Amino acid sequence: MTTTYAVLSEGLEKRFGAVHALRGLDLAVAEGTVCGLLGANGAGKTTAVRLLTTLLRPDGGSARVAGHDLVREAAAVRRRIAVTGQYASVDGDLTGRENLRLFARLHRVRGPAARAGELLELFGLTEAADCRASTYSGGMRRRLDLAASLIRRPDVLFLDEPTTGLDPASRARIRRAVLELRAEGTTVLLTTQYLDEADQLADDIVLVDRGRVAHTGSPAQLKSLVGSHVEAVVADAGTLPRAAAVLDRLTGREPVFDRGRNAVAAVTTDPTLTLPRLVRELDAVGVPLLDAGIRPPTLDDVFLRLTGDTADSKEPVA
Ligand SMILES: Nc1ncnc2c1ncn2[C@@H]1O[C@H](COP(=O)(O)OP(=O)(O)OP(=O)(O)O)[C@@H](O)[C@H]1O
Ligand SMILES: [Mg+2]
């Protein structure tokens, strides 16, 4: 079976004056999948979304979105996609339901009332549907904006930090909606600051670093690049430095302390070999253990390892 790509870009470039925001971005998002774009502040995620949704013109490279050339067939691309914030003009004097019906009629959607009802349901706004939008909380407002942007079923949905700043309930609701949309066949490209969100939602993650793709893979693949933590929890805080020294020697990596738990851990790609050695060596040097084990990496670990966590990597170089 050949894969069809909803988004396929090659060498996308964008400059803002002296800032080279995108320096040859290659993306391949398979149809019907969720792709999570991750990267430090200033990595170029929003720029990528704005290019791929035709809000900005690339300075170089090419892309096809929903089967159409981004530049030569921009109007066709626009008809097949939706972007968050596109309809930030929700009317506060109208209810949620009235807003969505209005958008549905404007976009000549068949059965506007039914479509409005579906979207209210999808975003958990059924109960508040008949209250004026001006009474909605920030999270409800964001969900209504999202619902409005989906009024015409898009083939590809672009979400730039859809859940940033929302409370856990609103975030959970949006996550569920993304998964429901994917189940219906919509391709979703989202950026997020919440790595657990990317972990839960994304089939593939693209790590963007200074305008380029640094790594691509499923969350599990990316984590396996980093390796697992092998952790020792010692009975006596005074022995923590000795445990750390052993871990350092076995893994060749700098140990990380969790002093509250009397724990020390280090990353290794060979955890099943390292763990028994650690236990034997600590026993040999007389360090009593409370616990020892293998802790899988989080996407945070991946992110820090693969994109570098230093301040000087946060802004792209010109
Ligand atoms: N309109 C603009 N004019 C000038 N510079 C810009 C413009 N838009 C973006 N940039 C610069 O381009 C680079 C990439 O910005 P972009 O907003 O794409 O990053 P981002 O990955 O979305 O970051 P964040 O995580 O903070 O949202 C940054 O250095 C930014 O300052
Ligand atoms: Mg951004």
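Read the numbers this way: they start at 1 and go in the same order the structure lists the ligands and their atoms. Numbering starts at 1 and runs along the sequence shown. A quick note: this is a predicted structure, and the numbers were derived from the prediction, not measured.
Rounded to the nearest 0.5 angstrom, Leu179 CG and Thr186 OG1 are separated by 11.5 Å.
The shortest distance between side-chain heavy atoms of Pro154 and Arg80 does not fall below 4.5 Å. Looking at heavy atoms from C-beta onward, Leu289 lies in side-chain contact with Val234 at the 4.5 angstrom threshold.
Residue Gly44 places a heavy atom under 4.0 Å from ligand 1. Not a single heavy atom of Gly17 sits under 4.0 Å from any atom of ligand 1. For Glu161, the heavy-atom gap to ligand 1 drops under 4.0 angstrom.
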One pair to check against side chain to side chain donor-acceptor pair (under 3.5 Å): His215 and Gln221. What are the steps and the verdict?
CA-CA 10 Å; His215 282 277; Gln221 282 167 341; over 6 Å; no
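Between Glu13 and Arg23 there is no salt bridge, since none of the side-chain N atoms of the basic residue sits less than 4.0 Å from a carboxylate O of the acidic one.
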Listed pairs under 3.5 Å, donor-acceptor, residues 116-131 side chains, sequence neighbours left out:
from, atom 1, to, atom 2, distance (Å)
Glu118, OE1, Arg115, NH1, 2.6
Glu118, OE1, Arg153, NH2, 3.0
Glu121, OE1, Thr126, OG1, 3.3
Asp130, OD1, Arg97, NE, 2.9
Asp130, OD2, Arg97, NH2, 3.3

Distance-only check: which donor-acceptor pairs under 3.5 Å involve side-chain atoms of residues 273-283, not counting sequence neighbours?
from, atom 1, to, atom 2, distance (Å)
Thr274, OG1, Asp270, O, 2.9
Glu281, OE1, Arg249, NH1, 3.1
Glu281, OE1, Arg249, NH2, 2.9

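If you check the side chains of Ser218 and Asp204, you find no donor sitting under 3.5 Å from an acceptor.
Around the Mg ion (ligand 2), the protein contributes the following N, O or S atoms under 2.8 Å, ordered by chain and number: Thr46 OG1.
The proximity of Ala48 to ligand 1, defined as any non-hydrogen pair under 4.0 Å, does not occur for either the backbone or the side chain. Heavy atoms of Val19 found under 4.0 angstrom from ligand 1 belong exclusively to the side chain.
Relative to atom 16 (P) of ligand 1, the option among Asp209, Thr47, Leu38 with the closest non-hydrogen atom is Thr47. Nearest to atom 20 (P) of ligand 1 by heavy-atom distance, out of Arg15, Lys45, Arg50, is Lys45. Closest heavy-atom approach to atom 22 (O) of ligand 1 within the set Val208, Asn41, Thr46, Leu22: this belongs to Thr46.
Residues passing the side-chain contact (heavy atoms from CB on, under 4.5 Å) test with Leu94 are Asp91, Glu98, Asn99, Leu102, sequence neighbours excluded.
Note that Arg171 lies in the cation-pi zone of Tyr194, set by a 6.0 Å cut-off to the ring centre and a 45° limit from the axis.
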